[in-house]
**Q** 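Sending over a structure as structure tokens; questions will come in a sec.
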Amino acid sequence: RSGAALAHQIPQKTRASTLPVVCRRYLNEDVRITRTGKPILTVAGGRSSLGGYTATVFGATGFLGRYIVNRLARSGCTVIVPFREEMAKRHLKVAGDLGRVVFLEMDLRNTASIEESVRHSDIVYNLIGRDYPTKNFSLEDVHVAGTERIVEAVAKYDVDRFVHVSSHSVDKDSPSEFYRTKALGEEVARSIYPETTIVRPGPMFGFEDRLLNRLASPSNLITSNWMQEKLWPVHAVDVGMALEKMIHDDTTAAETYELYGPKGYTMAEINELVGKEAFHKRRHINIPKRLMKPIAHYMNKYIWWPVGSADEVEREFIDHTVDPNAKTLEDLDITPVTLESMTFEYLKSYRSYQYYDLPPMTEREKREEKKYLHVID
Ligand code: NDP
């Protein structure tokens, strides 16, 4: 029967609300045209759907990497993961369907390997960063020279989008080399590829973080600033969500985002939260900066596992600063979660086996700060 005849049978109200909507959805949502004119099929069919973007994620083997690789792969994107250590990338394989997560060996000084990683992609994320200098790479090598090589490859192959993950508190005149080199890295990225989206995450917390896990680990806690630095911690899942939204929204190109949590804490306040959640108090030793910096410098130089560095001591004396002109998580329609709402989730494994299945506290117990102790045997 003809459409007009069918329309005649549908009651007036239903006809107006259903028929045009079907056409609009197919036209506007399922096919996107990138800056270079490539049509992308974005059918929301989950990890096995065909089509979708091809994204390269440099630094995917780190803490934040899994939260973006997982999100992209489960929506059917093809994710290229450049890696340098076989074992560090294994967990990412299962994030996507067969053939969706593609590993390529890469070296930050090998331009050919970087170009190979980006040449077929629609978007490149650069998450590469280091908190401390290593034997083979200074902070400048990683944050400035490394960024330069990646952005040059992105510009050479005319990749549609480039998202560069920098850091909070970046400043070219900062006493910390980390913040200085991160600021220079941003400048290099924007000078070569002006549409670079810059993302400045605050200190991130999550299962594999270096914030809660450091405070909860059983060794002594050594600081230099009596834990007085002020931070605005952000949930790694929120940052992953923000990075994923950027792929679908081209208005985020050439913008700067500061991603930070809704509540600020001093490090001492976070330490107290961690102590309460993990049910143990750690010994805190404060060593003055003039002593701690040379100690940390030599430990970082001669001990081959991460033990802190002189620059990390310097960063203890710098509060988290936020650029008021930058966009935030709210501009991406994400409501950030607070640190204290997630500490139980991330710290319960640090509790002694004696504390298990705690019933909710009554008002009186909360007032008296009494805790249950379950005796098993
Ligand atoms: P991680 O230290 O966990 O991961 C860093 C990644 O960079 C790893 O994949 C690492 O590879 C790679 N990388 C480091 N140096 C090199 C190098 N010389 N050559 C090749 N690859 C290298 O960082 P996060 O995931 O925690 O952070 C992601 C980004 O966010 C980083 O740029 C970081 O500086 C920034 N940031 C993080 C904050 C946080 O609280 N975590 C706060 C503010 C900014 P490999 O696994 O092979 O070592």
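Both counts, for ligands and for their atoms, begin at 1 and track the order of listing. Hydrogens, waters and symmetry mates play no part in the numbers below; they use all other heavy atoms, side chains included.
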**Q** I'd like to check the salt bridge (charged side-chain N to carboxylate O under 4.0 Å, His left out) partners of Glu272; sequence neighbours left out, ordered by chain and number.
**A**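 Partners of Glu272 under the salt bridge (charged side-chain N to carboxylate O under 4.0 Å, His left out) test: none.
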
**Q** Regarding Thr197 and Arg161, do their side chains bring together a donor and an acceptor under 3.5 Å, going by distance alone?
**A** yes

**Q** Could you state the interatomic distance from OG1 (Thr266) to NE2 (His320), rounded to the nearest 0.5 Å?
**A** 14.5 Å

**Q** Are His120 and Tyr157 an aromatic pair by the rule of ring centers under 6.0 Å?
**A**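 Here the rings of Tyr157 and His120 have centres that are no less than 6.0 Å from each other.
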
**Q** Any side-chain heavy atom of Glu187 within less than 4.5 Å of one from Lys172?
**A**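 In short, these two side chains touch, coming nearer than 4.5 Å.
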
**Q** Can you list every protein residue that has a heavy atom under 4.0 Å from any atom of ligand 1, sorted by chain and residue number?
**A**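 Residues near ligand 1: Gly59, Thr61, Gly62, Phe63, Leu64, Arg84, Leu108, Leu127, Ile128, Gly129, Arg130, Phe137, Val142, Val165, Ser166, Ser167, His168, Phe178, Lys182, Pro201, Gly202, Pro203, Met204, Arg210.
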
**Q** Examine Arg315 relative to Phe178 and say whether NZ or CZ is less than 6.0 Å from the centre of the six-membered ring and inside a 45° cone about the ring axis.
**A** yes

